[in-house]
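Each chain gets a letter, A, B and so on, in the order the sequences are listed, and its residues count up from 1.
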Number of protein chains: 2
Amino acid sequence: MSIEACREKFKSFLADRSLRVTGQRMAIFDAAFSEDAHNTAEDLLDRARSIDESVSRATVYRTLPIMTESGLLREVDIGRNLKFYVANHDNQTQQAQVVCLDCDRIFEISAPFMEWYRNTVSSNLGLTPVAHRLQVHARCDIFRETGRCRHRN
Amino acid sequence: MSIEACREKFKSFLADRSLRVTGQRMAIFDAAFSEDAHNTAEDLLDRARSIDESVSRATVYRTLPIMTESGLLREVDIGRNLKFYVANHDNQTQQAQVVCLDCDRIFEISAPFMEWYRNTVSSNLGLTPVAHRLQVHARCDIFRETGRCRHRN
DNA sequence: CTGCCTGCAAACTCTTTGCACGAAT
DNA sequence: ATTCGTGCAAAGAGTTTGCAGGCAG
């Protein structure tokens, strides 16, 4: 989906919930969609400020959950006391991550079987699945030995 | 594996690494194995202190990574800025969690296909898998409506 | 005009760290 | 006797919150 379409979708989402379409919220949206990467809250604060200088850290932290709920942002938590946020152009939910512990990269991969798995597992327990997380943490031997690999430098 | 066997295994692990077998470390071990539950560091501190009053928070935080590396403890991070620790009697690594967002429980389930999955995915990227995480977050409609479900109360 | 939204700074939670003392080998 | 382990308290990182003023609807 185009950024413009996502932008409109975000505005609609806010309107539907009787939330206000403020300059700060749109600056944070633009920051998140200006780069397809794994951004920290701080990354987004910096980038949002370069669009609208008045954006504060508090507003970023207050806005990220809203964008996450709208489905336009995916929250990626790889267990490092630090969350990453990824623009979610196509409302994808069947993603998994491979986290390289050596070159420190996060690779997004699709994991279509999660749809089936989470339904199976949850219904066995009488629960309704709402989200899942699937991650593989790995090492890059080449990077560790040579200081570079095909993923980073 | 029996607690006693695990206890000996922990002592061997420490010895092999030239780490000392201290009263505090063993108290923390005993705290972790005294209850098969998802314990926070604070839970384990309380319990360890009831065994050996001198145990400090710092030592708990310094010991948990050692126990985790030994394979006798599993670290469970469900994305809440708070880690849980589970005694790992049988060196299990193919576990997944179902986290109920309503009754706030964590269910451990086995996910044997992860062995295959993590190998497949990592080798596609030229990486060596070292760990994985698989979680399904779910809601319990019955609990939300009635305040109780078959899992809690 | 009304009440949600905001920036600021302080508070919070969990975890880590520097230091001097104490205990395991 | 050495050296590693420990408790204490302070620092640290990321995130949340109370408040008074500002702006969207």
Check for a donor-acceptor pair, side chain of [X] on one end and backbone N or O of [Y] on the other, with a separation under 3.5 Å.
X      : Y      : result
B/D90  : B/M1   : yes
A/Q95  : A/A111 : no
B/S110 : B/P112 : no
B/D102 : B/R139 : no

Review point. Is it true that A/R7 and A/D30 have a side-chain N and a carboxylate O under 4.0 angstrom from each other?
Key: yes
Review point. Are B/R80 and B/D104 close enough for a salt bridge, meaning some N to O gap below 4.0 Å?
Key: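 A salt bridge links B/R80 with B/D104.
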Practice item. Report yes or no: do B/S34 and B/R47 form a side-chain donor-acceptor pair below 3.5 Å? Key: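 Yes, B/R47 and B/S34 have a side-chain donor paired with an acceptor closer than 3.5 Å.
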Review point. Can a donor-acceptor pair be found between the side chains of B/H38 and B/E108 at a distance below 3.5 Å?
Key: yes
**Study point:** Pairwise side-chain contact, B/R105 with B/F107, heavy-atom cut-off 4.5 Å (strictly under)
**Key:**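 A side-chain contact exists here, since the closest heavy-atom pair is under 4.5 Å.
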Practice item. For DNA chain C, determine which residues of residues 73-81 of chain B have any heavy atom closer than 4.0 angstrom to one of its atoms, and list them numerically. Key: B/N81
**Study point:** Length of the line joining A/D52:CG and C/dG7:C1', which is rounded to integer Å
**Key:** 12 Å
Study note, to complete from the structure: Going 5' to 3' through nucleotides 16-25 of chain C and flagging B where a protein heavy-atom sits under 4.0 Å of the base, S where only the sugar-phosphate is that close, and - otherwise, we get BBB----BBS
Review point. Can you name the closest pair of heavy atoms from A/R20 and A/L14 and give their distance?
Key: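 Closest heavy-atom pair between A/R20 and A/L14: O-CD1, 4.0 Å.
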Check your understanding: 5' to 3' on DNA chain D, which nucleotides open and close the contacts with chain A (atom under 4.0 Å from a heavy atom)?
Key ->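 The contacted stretch runs from D/dG14 to D/dG25.
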